[in-house]
Every structure is written in structure tokens, then in C-alpha cells.
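Reading through the C-alpha cells given below for one structure.
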There are 2 protein chains.
Amino acid sequence: MHQIARTPKDIGNALRKARKARKLTQGELATQAGIWQRTVSTIETSASGAKLDTIFDLLAALDLEIHIVPRSKAKPGDLEDIF
Amino acid sequence: MHQIARTPKDIGNALRKARKARKLTQGELATQAGIWQRTVSTIETSASGAKLDTIFDLLAALDLEIHIVPRSKAKPGDLEDIF
DNA sequence: TTCGTTTATGCTCCCCGGATCATAATCTCT
DNA sequence: AGAGATTATGATCCGGGGAGCATAAACGAA
């Protein structure tokens, strides 16, 4: 069930999923990420057109990183050279 | 040489790399992504705190997607369940 | 070196995300 | 159902990104 994102909304969903898996509240995560609960909520739901900075703050707090992969090869266990 | 990103700057580098691999100019990519050459340049260099929307526009134009992965397991060929 | 292409930047305007504080709405557990 | 925790939102202010257009600077090939 690994997370793939092609839209801001996907990011929001993934972040929420990761947060819940870690049993954190939005408030706790926000604090750790150095942002506001309000912002976490907004990003998880509408995920609007958030700023990259904020997203990376959240990813860092969740100990996640991003892999940039060609769409076609989007199969787990299939990761290889991209460019 | 697959692309990992933990900061906006990483994204900028990855996008530039992908664009060049496809032999596109910033202008061409910008057009395909529906944004401005100016913006492509800014994102590739400073990568500032761009907006998610813009990044996804570029990723789509380059036929790329994002995988969200735990930092520790950040080894190619190692992709598996994340949450 | 010189011409043509590609990329970096200056500037203004507008929009919207995030900070900040507060409260409403929801969910959850008993 | 009721209390307590969690999440969604209202309102305002501010900063910065991207649109839009133009030009300078840098790069590349002949």
C-alpha cells in the first residue's frame, strides 16, 4: 500500500494516512513540524495548492521522503533508473 | 540514479535533470505544463518554496509521479509498504 | 569570436497559503 | 447521551509565488 501522488490531494491523503499510522494528532504533528494544526488540517483535506516548504516540513516530521518516478513504471519492486 | 527529494531544492534539481534527459528547453516544458519559462527557471534554481500545484504541473508534463517513502528505506529496489 | 539559443532576472499586480487566535463541528469512548 | 479530545473553519494580516512582459546574461555551436 505504498503511496503514489500525482496531485496535491494525493499528498494530503498520504500525509493523513502516515500521520494516523503513527498515531499522531494533527496538533502533535504540527508542533513537530513547526507549523499550525490549522495548516495540517487544510493540507490533509483540501490539500489546496500548499507550498512545497510546508509539505517538506511535514514529510520530515513523519520521517518520509519523496521519490520521483516515471509514471509508467509505477510498480513497487520495480524501481530503477529513472532518467 | 533515481531521484530522491527531501527539500524543495532537491525537487528543482530532479526536475531539471528530467527535463534535460528529455531534451526540452525550459520554454518548451513551460508551455507543455501551462506555466512560464520564468517560473521553470526559478523552480529549477532556487526552487524557492514553490507551490505544489506548479510542481505537479511540471511532473505531469514530464510524465513523472511522486512516491512517498520512509527515509530509512530509501534504497532503490527496496520499495515496499510504507505505512 | 560571433551569432543564435537558452536561461536568469527586473518589475508590477494579484492571489492565496500560512501565521495567529478563537470557536464551531465532529468524532470517540464510556 | 454526555464529556473530552480531535478536527474543521472564520477572520485578518503578511509575505511570497506565479502571471505577464521584457531584457540581460550565459551558454553552444560554427
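Order of the sequence lines fixes the chain letters, A, B, ..., with proteins taken first and strands second; residue numbering starts at 1 for each chain.
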Heavy-atom protein contacts under 4.0 Å, nucleotides 12-27 of chain D, coded B base, S sugar-phosphate only, - none: -----SSSBS------
Beyond-backbone contact of L59(B) with L15(B), side-chain heavy atoms, under 4.5 angstrom: yes
Cluster overlap L24(A) with W36(A), hydrophobic side-chain contacts below 4.5 Å: no
Heavy-atom side-chain proximity of F56(A) to I11(B) below 4.5 angstrom: yes
Separation of Q26(B) CD from T42(B) OG1 (nearest 0.5 Å): 8.5 Å
Under the salt bridge (Lys or Arg N to Asp or Glu O under 4.0 Å) test, residues paired with R38(A) that sit two or more places apart: none
Residue pair T45(B) / R16(B): nearest heavy atoms and the distance that separates them: CG2-NH2, 4.0 Å
Span of DNA chain C, from the first to the last nucleotide whose atoms fall under 4.0 Å of chain A heavy atoms: dG17(C) to dC21(C)
Stepwise side-chain contact (heavy atoms from CB on, under 4.5 Å) check, Q3(B) with D10(B): CA-CA 8 Å; Q3(B) 299 302 110; D10(B) 291 340; over 6 Å; no
